[in-house]
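Read the structure below first, then the notes.
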There are 2 protein chains.
Amino acid sequence: MPEDVELLSLAARRPVERADAARNRRLVLDAAARLFAEHGVDGVSMDAVAREAGVGKGTVFRRFGDKSGLAAALLDDRERELQKGILSGPPPLGPGAPAAERITAFIGAYFDYLAGHLDVSRLSETAVPGARYRIGAYRFWHRHLAILIHEADPSADADHLSHMLLAALSADLVHALRADGHDWERIRAGVLDLAARVIPSGRDV
Amino acid sequence: MPEDVELLSLAARRPVERADAARNRRLVLDAAARLFAEHGVDGVSMDAVAREAGVGKGTVFRRFGDKSGLAAALLDDRERELQKGILSGPPPLGPGAPAAERITAFIGAYFDYLAGHLDVSRLSETAVPGARYRIGAYRFWHRHLAILIHEADPSADADHLSHMLLAALSADLVHALRADGHDWERIRAGVLDLAARVIPSGRDV
DNA sequence: TCGATAATCGGACCGCAGTCCGGTTGGTAT
DNA sequence: ATACCAACCGGACTGCGGTCCGATTATCGA
């Protein structure tokens with residue numbers, strides 16, 4: 001399993017983190033979570049987050065880069081849970097099952113994760129154009145999927161195909177589908193159906 | 001062919017348009033095209049467009065809504081060309097060919113259109129979250145694809161599948177792939193390959 | 001324990017997207 | 001031709017994302 005490098009690189013922390021910096025990071029993340037829950041993702045400015053955290057605006061931006069970075073940091077914990085399940089959990093999400101089954105399991109699990117954090121995910125993906133593809137977590141999902149696709153069908157352009165499957169799971173698209181009246185189950189089934197069409201699980205192609 | 005209603009709705013103009021309004025629309029669009037070509041899409045503010053057009057800022061926003069709307073208006077002419085080819089051009093892009101072939105033709109043609117206007121397309125799709133799905137042109141592409149998918153495979157959720165195929169053609173994704181080193185031909189082939197996997201052109205499923 | 005050094009802190013500052021409203025102008029009915 | 005009204009015009013204004021830099025504070029070597 002050569003995937004483990006990903007998690008390591010994501011877990012890599014700076015040599016040390018000063019005590020005040022760590023404290024402030026926590027303050028900012030807690031404040032953001034509180035305000036998002038109370039006023040909705042769109043109704044919270046970065047100034048408001050800084051004020052609620054009792055911290056200067058510059059501090060927030062230095063630690064999180066921009067608004068999408070703050071949202072990504074908020075998602076971090078849940079992401080790690082899913083990443084852990086992929087790297088070392090039981091099959092079919094974890095190692096041990098055939099690639100096609102692992103693909104299905106991953107897409108289902110990722111969709112459930114997305115559905116549970118759609119607003120914050122959408123913020124992290126759309127606040128800054130191109131942000132989605134730069135986030136470490138996206139790279140993890142992409143590499144994982146690409147490895148599985150290559151295993152299931154070596155003739156495919158696994159790298160590109162992996163990006164396109166993830167595009168079907170973009171928060172902005174799912175949000176638009178919801179706004180268009182699609183219910184969760186329909187969207188979930190549709191994405192899984194797409195994956196099944198792309199990577200036939202049984203024999204043949 | 002029940003698709004024609006789409007084009008009509010897109011072409012529907014307000015009862016009349018005042019002479020000064022029409023003149024200013026032209027001024028603004030020309031100014032925007034000029035500035036985008038000269039300074040790049042990211043280096044042009046709405047103030048600059050208004051100034052270059054010799055028009056007030058309010059005028060620009062009233063006529064185009066927001067920045068993504070201005071970009072969408074700039075794309076309008078080219079879009080209509082493609083739309084015309086779909087509605088009344090020769091097969092396989094136009095009517096007359098089997099649905100699966102029309103899907104392939106459409107995706108290839110749309111990709112070429114996208115590749116030719118990637119920056120402005122990206123602006124129109126990402127300047128405002130969710131903007132892509134609200135634009136009239138997107139609805140046209142979506143409905144066209146959905147009709148063909150339903151024809152090729154009535155068992156599929158054509159509506160959702162159509163959205164997901166278009167997600168693989170999102171300007172932001174294609175931009176990210178380019179930045180990641182993928183060349184145009186590779187991306188084009190990958191998207192067509194995806195369509196072929198989703199909608200088998202020959203027999204069976 | 002204490003001084004040197006580098007990272008952190010935070011609020012003033014900037015540019016831009018988008019709004020508002022009093023003044024103006026073009027279309028239309030008489 | 002003219003008067004009325006709706007639509008248009010445009011620049012001042014607001015709030016937000018993001019930057020910058022002088023002051024502050026934590027860490028480490030002596």
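By convention in this document, chain letters (A, B, ...) are assigned in the order of the sequence lines, proteins followed by strands, and residues within each chain are numbered from 1.
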Nucleotide of [options] approaching [X] most closely (side-chain heavy atoms):
{"X": "Lys67(B)", "options": "dC8(D), dG18(C), dG18(D)", "answer": "dG18(C)"}
{"X": "Ser45(A)", "options": "dG26(C), dC16(D), dG10(D)", "answer": "dC16(D)"}
{"X": "Arg18(A)", "options": "dG17(D), dT25(D), dA6(D)", "answer": "dT25(D)"}

Practice problem: Measure from CG on Asp20(B) to C1' on dG10(D) and round the result to the nearest Å. | Solution: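 Result: 13 Å.
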
Exercise. May I have the distance from Phe61(B) (atom CZ) to dA12(D) (atom P), rounded to whole angstrom?
Key: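 Nearest whole value for this atom pair: 16 Å.
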
[X] side chain N/O closer than 4.0 Å to the phosphate oxygens (OP1, OP2) of [N]?
{"X": "Lys57(B)", "N": "dG10(D)", "result": "no"}
{"X": "Asn24(A)", "N": "dT8(C)", "result": "no"}
{"X": "Arg62(B)", "N": "dC9(D)", "result": "yes"}
{"X": "Thr59(A)", "N": "dG10(C)", "result": "yes"}

Quiz item: Short question: side chain of Arg102(A), backbone of Ile86(A) - any donor-acceptor pair under 3.5 Å?
Solution: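 Looks like yes, one N/O pair under 3.5 Å.
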
Practice problem: Please figure out whether Met46(A) or Gly58(A) has its closest DNA chain D nucleotide nearer the 5' end. | Solution: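 Closest to the 5' end, via its nearest nucleotide, is Met46(A).
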
Quiz item: When the nearest nucleotide of DNA chain D is assigned to Asp47(B) and to Gly54(B) on a heavy-atom basis, which residue is associated with the more 5' position?
Solution: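 Between the two, 5'-proximity favours Gly54(B).
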
Quiz item: Using a cut-off of 4.0 Å on non-hydrogen atoms, how would the nucleic acid contact of Ala19(A) be classed: base, sugar-phosphate, or nothing?
Solution: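 Sugar-phosphate: the residue Ala19(A), judged by heavy atoms under 4.0 Å, touches backbone atoms but no base.
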
Practice problem: Would you mind classifying the nucleic acid contact of Val128(A) as base, sugar-phosphate or nothing, using non-hydrogen atoms under 4.0 angstrom? | Solution: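 The residue Val128(A) makes sugar-phosphate contact but no base contact.
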
Exercise. Taking the side chain as every heavy atom from C-beta outward, state whether Asp193(A) and Asp157(B) have any pair of such atoms under 4.5 Å apart.
Key: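 No, side chains not in contact.
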
Quiz prompt | Contact check, side chains of Val191(A) and Leu165(A), non-hydrogen atoms, under 4.5 Å | solution =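 The answer is no; the side chains never approach within 4.5 Å.
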
Quiz item: Between Val44(B) and Arg63(A), which is nearer to the 5' end of DNA chain C once each is assigned its nearest nucleotide?
Solution: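 Comparing both residues, the 5'-ward one is Arg63(A).
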
Exercise. Evaluate the ring planes of Tyr138(A) and His142(A), with Trp represented by its six-membered ring, and classify them as parallel (under 30°), tilted (30 to 60°) or perpendicular (over 60°).
Key: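 Parallel: the ring planes of Tyr138(A) and His142(A) meet at under 30°.
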
